[in-house]
A.B. asks: 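The structure follows.
Treat the numbers as computed from the prediction; the structure is a model and nothing was measured. Quick note on labels: first sequence line is chain A, next is B, and so on, each numbered from 1.
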2 protein chains.
Amino acid sequence: MPKKTKATSVDIAYRAGVSQATVSRVLRGSPLVNIETRKRVEAVARELNYKVDRHASSLRTQRSGTLALLLFEDPTPDDSHINPFFLSMLGSITRACAKHGHDLLVSFQQLSDDWHADYENSMKADGLILLGYGDYLAYQSTLEQLVDQGTHFVRWGAVLPGQPGVSIGCDNFHGGQLVGEHLYALGRRQVAFLGDASNRYPEFFARYRGCGVALHDWHVTMDPSLQVDAESSEEAGYAAAQTLLARGKPFDAVFAASDLIAIGAMRALTESGLRVPEDVSVVGFDDIPMARFANPALTTVYQNTTRAGELLVEALLKQIRDEPIESQMIPASLIVRKSSGAVFSDM
Amino acid sequence: MPKKTKATSVDIAYRAGVSQATVSRVLRGSPLVNIETRKRVEAVARELNYKVDRHASSLRTQRSGTLALLLFEDPTPDDSHINPFFLSMLGSITRACAKHGHDLLVSFQQLSDDWHADYENSMKADGLILLGYGDYLAYQSTLEQLVDQGTHFVRWGAVLPGQPGVSIGCDNFHGGQLVGEHLYALGRRQVAFLGDASNRYPEFFARYRGCGVALHDWHVTMDPSLQVDAESSEEAGYAAAQTLLARGKPFDAVFAASDLIAIGAMRALTESGLRVPEDVSVVGFDDIPMARFANPALTTVYQNTTRAGELLVEALLKQIRDEPIESQMIPASLIVRKSSGAVFSDM
DNA sequence: CTGAAAGCGCTTACAG
DNA sequence: CTGAAAGCGCTTACAG
């Protein structure tokens with residue numbers, strides 16, 4: 001079957017016996033159209049399966065009706081393993097966009113790529129949503145450029161003073177506190193932390209500090225030699241736990257900066273003959289889908305990704321409309337499962 | 001800092017002392033430009049951070065340079081739980097698009113939505129990639145409409161004669177065979193199947209038939225009363241296993257049509273006092289990331305999603321260029337882990 | 001190798 | 001409430 005050539009507003013106008021301008025008014029929902037005229041035009045448009053040409057419309061209005069989601073991670077050997085937490089964020093962002101009548105362009109980038117403002121300058125998108133882990137210091141100048149260029153963007157990440165642009169993030173500090181309190185209540189006193197703990201990775205750092213402060217309230221100090229850097233992956237968690245074990249310092253709990261790290265760490269601990277949670281309590285962060293299926297099921301900190309996606313999209317849309325917006329935090333909550341040694345579980 | 005107004009090709013032309021047409025030629029990579037002229041124009045373009053306006057360009061060329069990915073699932077109560085398998089497909093499709101210089105528009109849809117051809121008619125995308133589980137019969141007429149309208153699309157799913165359009169899919173039948181042979185080799189003779197097994201869900205059905213044929217080669221018959229319908233979710237797997245148990249018929253193996261079903265089924269089996277794999281071997285399908293972290297680690301069938309994403313994008317791009325394309329299958333391979341009872345494991 | 005000009009399909013002041 | 005007309009920023013035959 002030969003492809004029919006696409007109908008244009010001129011075709012609709014001709015068939016409906018009106019001007020092309022009136023067709024456009026009907027399709028844009030202008031109130032300045034007689035109800036009868038409107039009905040006639042709508043009927044013809046439906047019959048010809050007419051859809052407004054996005055490019056013509058956007059060229060005229062200078063609005064694309066599209067947001068771009070940039071997922072970035074530090075270069076990883078295996079491209080296909082995107083952090084599952086970001087994947088669920090992607091799901092909720094997609095839905096939030098649809099709800100607000102916008103399309104979503106998705107792109108994966110390396111931090112090193114030169115993507116700044118490309119999307120908005122080329123009119124592909126009206127604004128950007130940035131999502132990913134990466135070195136905040138290396139990244140800062142790129143963000144400042146975006147601000148300077150007047151690019152509309154929001155970021156998922158640490159909510160900090162002095163950060164360029166607007167961020168939506170989890171209350172990582174409080175999440176860390178919840179973990180610290182939980183581990184203390186379980187009788188743990190020697191808490192290790194697996195994950196970067198510096199200004200370069202402020203989300204992890206805030207989790208670390210929160211935990212430390214909670215323990216400190218009970219006069220327990222986190223030993224810095226029980227902290228091992230790790231990016232958010234199962235492999236890094238495995239390696240970090242091995243490093244920790246090799247140091248030979250005793251510990252009775254592991255707070256991993258993310259669930260992936262925790263799952264990798266549990267594997268290393270188990271392989272070394274330690275029992276989780278009997279010998280070591282393990283707690284993660286993110287509550288990714290596989291956390292409940294880990295062995296043992298992983299105690300972790302939950303962040304409402306649906307809400308997060310909504311907030312990101314709403315903030316970006318406001319910014320595009322030149323409304324004032326501010327960074328915002330969503331609450332963290334503890335999900336207790338078997339890996340920390342608690343007697344109850346949600347499984 | 002006030003936002004500078006976006007530079008246009010006219011601005012570049014003025015600054016470079018050439019016509020706007022020449023600027024366009026340079027930016028399109030036309031060979032009909034003097035090397036000196038080209039360099040001058042490129043320098044100015046870079047300096048002004050100029051990017052070709054996508055809408056103007058697409059309006060003129062009638063090509064959007066964008067593909068749309070439509071992820072659909074039967075309506076589910078919880079929106080945020082997209083099948084992890086599709087999520088990894090999304091990852092590989094995104095990368096494949098980038099590699100081929102195209103953007104990717106992502107949308108989640110209910111099967112009931114009226115999205116057919118909308119993307120292409122509105123010029124938002126040059127073609128569609130369809131990805132999801134759903135009732136093939138309910139869905140068939142929608143696909144036929146797409147074909148009639150000349151919409152460019154490829155689908156991830158069952159590769160079957162008589163299906164409208166082009167599909168890329170896994171060799172589900174062979175995957176099922178691998179599972180049947182594996183279970184037979186483990187000494188299992190009463191194999192239950194959890195998942196729809198009808199023409200409505202041909203992917204699941206092919207897995208079922210493959211397993212049945214493999215066992216039949218060893219003179220083992222799959223008892224139809226050990227088959228229970230289930231869509232691909234942990235909850236459905238849990239419920240299906242309970243139904244199976246309630247039937248009271250003995251079984252020593254469960255082949256689940258997907259990993260999510262398998263994970264739910266293992267939970268139900270364990271709760272009922274059965275041991276996996278000692279009493280019952282469990283095998284899934286898809287090799288989603290959490291399969292290896294399930295308890296016990298799940299034996300499953302792997303499909304190379306990176307390759308699948310590549311094939312989908314390449315096929316669609318060919319179709320858009322009016323080159324001939326055909327449906328294609330990618331191989332299935334068995335990943336043996338603990339849940340089936342094998343003595344070795346990849347963990 | 002380069003420029004002038006037409007035109008892609010809309011939206012929206014402007015005039016009536 | 002409706003139409004004629006300008007113009008959004010490109011690409012590409014056409015002419016030189």
A.B. asks: Counting heavy atoms not belonging to A:Arg40, are there more than 12 under 6.0 Å from its CZ?
C.D. replies: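 Above 12, so yes.
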A.B. asks: Residues of residues 32-45 of chain A with any non-hydrogen atom less than 4.0 angstrom from an atom of DNA chain D: list those, numerically ordered, please.
C.D. replies: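 Those residues are A:Leu32, A:Val33, A:Asn34, A:Thr37.
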A.B. asks: P atom, D:dA13 versus D:dG9: distance in rounded Å?
C.D. replies: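 One P to the other, the span is 23 Å.
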A.B. asks: Who are the side-chain contact (heavy atoms from CB on, under 4.5 Å) partners of A:Arg25, not counting sequence neighbours?
C.D. replies: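 Listed in chain order: A:Ala21, A:Thr22, A:Ser30, A:Val33.
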A.B. asks: Reading 5' to 3' and counting Watson-Crick or G-U wobble pairs with both distances under 3.5 Å, write the dot-bracket notation for DNA chain C, | for bases paired outside the strand.
C.D. replies: |||.||||||||.|||
A.B. asks: Would you call B:Asp11 and B:Lys6 a salt bridge, using N to O less than 4.0 angstrom?
C.D. replies: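 No.
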A.B. asks: Which pair of heavy atoms, one from B:His55 and one from A:Leu59, lies closest together, and at what distance?
C.D. replies: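 Scanning both residues, the minimum pair turns out to be CB-N, 4.0 Å.
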A.B. asks: Just jot down the side chain to side chain donor-acceptor pair (under 3.5 Å) partners of B:Ser58, sequence neighbours excluded, or say none.
C.D. replies: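 Partners of B:Ser58 under the side chain to side chain donor-acceptor pair (under 3.5 Å) test: none.
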A.B. asks: Considering only heavy atoms of chain A and a distance under 4.0 Å, specify the first and last nucleotide of DNA chain D in 5' to 3' order that meet this criterion.
C.D. replies: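 First-to-last contact on DNA chain D, by the 4.0 Å heavy-atom rule, is D:dC1 to D:dG9.
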A.B. asks: Considering heavy-atom distances to DNA chain C, does B:Val18 or B:Thr61 have its closest nucleotide positioned more toward the 5' end?
C.D. replies: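 Looking at the nearest nucleotide for each, B:Val18 comes out on the 5' side.
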A.B. asks: Tell me, please, which residues at least two apart from A:Arg321 pass salt bridge (charged side-chain N to carboxylate O under 4.0 Å, His left out).
C.D. replies: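 Listed in chain order: A:Glu323.
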A.B. asks: Name all residues meeting the side chain to side chain donor-acceptor pair (under 3.5 Å) criterion together with B:Glu314; count only those two or more places apart in sequence or in a different chain, and write none if there are none.
C.D. replies: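 If we apply the side chain to side chain donor-acceptor pair (under 3.5 Å) test to B:Glu314, skipping adjacent residues, there are no hits.
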A.B. asks: For A:Arg63, enumerate each residue passing the side chain to side chain donor-acceptor pair (under 3.5 Å) test, keeping only those at least two apart in sequence or located in another chain.
C.D. replies: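 If we apply the side chain to side chain donor-acceptor pair (under 3.5 Å) test to A:Arg63, skipping adjacent residues, there are no hits.
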A.B. asks: Listed by chain and number, what are the side chain to side chain donor-acceptor pair (under 3.5 Å) partners of A:Asn304, not counting sequence neighbours?
C.D. replies: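 With neighbours one apart ignored, the set is empty.
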A.B. asks: Using the test salt bridge (charged side-chain N to carboxylate O under 4.0 Å, His left out), find all partners of B:Arg28 that sit at least two apart in sequence or belong to another chain.
C.D. replies: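 Salt bridge (charged side-chain N to carboxylate O under 4.0 Å, His left out) check on B:Arg28 returns nothing, list empty.
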A.B. asks: Is there a side-chain contact between B:Leu317 and B:His102 (heavy atoms, below 4.5 Å)?
C.D. replies: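 B:Leu317 vs B:His102: side chains touch.
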A.B. asks: Looking at residues at least two apart in the chain, or sitting in another chain, which of them share a salt bridge (charged side-chain N to carboxylate O under 4.0 Å, His left out) with A:Arg155?
C.D. replies: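 Counting only residues at least two positions away or on another chain, A:Arg155 forms no salt bridge (charged side-chain N to carboxylate O under 4.0 Å, His left out).
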A.B. asks: Specify the residues of residues 19-28 of chain A, ordered by number, for which at least one heavy atom lies under 4.0 angstrom from an atom of DNA chain D.
C.D. replies: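 Contacting residues: A:Ser19, A:Ala21, A:Thr22, A:Arg25.
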